Amino acid sequence: MATSFFASGGLTDLGGPAGVNQVGINRNGSTHDAIAYQSTLLVARLEGPVVYPPDAGPLNDLHAGATAQAFAPPSVGHDASENIHIDRVPALPSSVPGVAVQLAFDYQGTGDDHRMFQWSMRPRTRWPVWQAGGLVEFWVRAGAIEIDGRVAHANCFVIIEPDAQVSMRSEFGALAIGWAQGRPLPVQTEGLADAFGYRD
């Protein structure tokens, strides 16, 4: 699995172009030959190895840990990428006052109970203390979020380890792209799972 947010630029593959402010989803086994016609910056999460054909030339740092290995072409009708405009996804209110969630990917069909989402936090948002039920990672797209007294500004990454208890707030509001590898565990209050895209 690979999920990416296009912060700038874009990529084009056999399915067409994907660009700024879109989320690209590549499921296990996705095969494509993509090209960037301009400088491109991705905020991405790679959850498995990437393989290049042996004749592709020297491997670069685009995919950390990539290897060279022969593989068959994809089947007819194979869709290498699913691309969505995250800002057009309906923003649903959550159990945290002031926090709306746009679900980018629910990992359905992958066997993982993970989520990729976008948070929109209104000014003066205060989160109740919560405990991470799995690894949580997010990138602050705009604004700033205070996590346990430390401020993450725009273009900062935040990693919250499983079982960590966290206090968060945003004085002036924020926008963030996030990934959760498990539902949050209640500390001060029940029912925060919807703030991470879990609504079942």
Side-chain angles (χ1 to χ4, degrees), residues 1-7 18 21-30 42-48 79 81-148 150 152 154 156-170 173-200:
M1 278 301 311
T3 48
S4 309
F5 173 79
F6 286 82
N21 300 330
Q22 283 188 278
V23 167
I25 300 163
N26 302 109
R27 295 177 182 266
N28 291 344
S30 291
L42 299 176
V43 177
R45 192 164 197 272
L46 184 61
E47 300 180 44
D79 290 325
S81 304
E82 302 167 43
N83 302 309
I84 64 169
H85 292 271
I86 186 63
D87 298 317
R88 298 179 189 171
V89 173
L92 302 177
S94 74
S95 299
V96 180
V99 176
V101 181
Q102 291 160 290
L103 183 62
F105 185 45
D106 64 4
Y107 285 73
Q108 185 174 358
T110 68
D112 292 319
D113 192 25
H114 300 174
R115 297 291 187 272
M116 181 187 183
F117 51 86
Q118 177 167 260
W119 278 330
S120 175
M121 298 186 196
R122 305 296 301 166
R124 300 188 183 185
T125 293
R126 299 284 192 278
W127 287 67
V129 176
W130 56 276
Q131 182 175 340
L135 185 68
V136 175
E137 299 172 304
F138 61 90
W139 172 71
V140 183
R141 185 178 170 194
I145 302 171
E146 183 178 316
I147 306 101
D148 291 337
R150 300 176 65 183
C156 284
F157 287 90
V158 177
I159 299 173
I160 298 172
E161 298 289 348
D163 300 322
Q165 291 192 7
V166 180
S167 173
M168 299 195 311
R169 66 179 186 171
S170 181
L175 200 61
I177 300 289
W179 292 263
Q181 285 190 194
R183 299 163 190 259
L185 305 176
V187 177
Q188 291 182 330
T189 185
E190 298 280 351
L192 296 182
D194 61 358
F196 295 81
Y198 294 95
R199 292 186 175 266
D200 50 350

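Bear in mind that the values here come from a model prediction, so they are computed numbers and not experimental data. Along the sequence shown, the residues carry numbers beginning at 1.
Partners of Phe105 according to the ring-ring contact (aromatic ring centres under 6.0 Å, His included) rule, which considers only residues two or more places apart in sequence or in another chain, are Tyr107. Under the salt bridge (charged side-chain N to carboxylate O under 4.0 Å, His left out) criterion, Arg141 pairs with Asp87, sequence neighbours left out. Tyr198 pairs by the ring-ring contact (aromatic ring centres under 6.0 Å, His included) definition with nothing, not counting sequence neighbours.
Closest approach of Ala174 and Ile145 over heavy atoms only: CB-CG1, 3.6 Å. Closest heavy-atom contact between Ser81 and Asn26: OG-ND2, 2.9 Å. For the pair Ser94 and Ala195, the tightest heavy-atom approach, listed with the atom from each and the gap, is CB-CA, 3.8 Å. Residue Ala7 comes nearest to Trp139 through the heavy atom pair CB-CH2, 4.2 Å, listed as atom of the first residue, atom of the second, then distance. In this structure, Val89 and Leu103 approach most closely via the heavy-atom pair CG1-O, 3.6 Å.
In this structure the side chain of Ile160 never reaches within 4.5 angstrom of the side chain of Glu137, judged on heavy atoms. In this structure, the side chains of Arg45 and Gln181 come closer than 4.5 Å at one or more pairs of heavy atoms. Residues Asp113 and Arg183 form a side-chain contact, since some pair of their non-hydrogen atoms from C-beta on lies under 4.5 Å apart.
A 6.0 Å sphere centred on CZ of Arg199 holds more than 12 heavy atoms belonging to other residues, nucleotides or ligands. Within a 6.0 Å radius of CG in Asp148, other residues, nucleotides and ligands contribute more than 12 heavy atoms.
Note that CD of Gln108 and CZ of Arg27 are 8.0 Å apart. Values are rounded to the nearest 0.5 Å.
Between the side chain of Gln188 and the backbone N or O of Val129 there is at least one donor-acceptor pair closer than 3.5 Å.
Considering Phe5, Trp179, Phe117, Trp119 in turn, Trp119 is the only one that fulfils the ring pair (Phe, Tyr, Trp, His ring centres under 6.0 Å) rule with Phe138.
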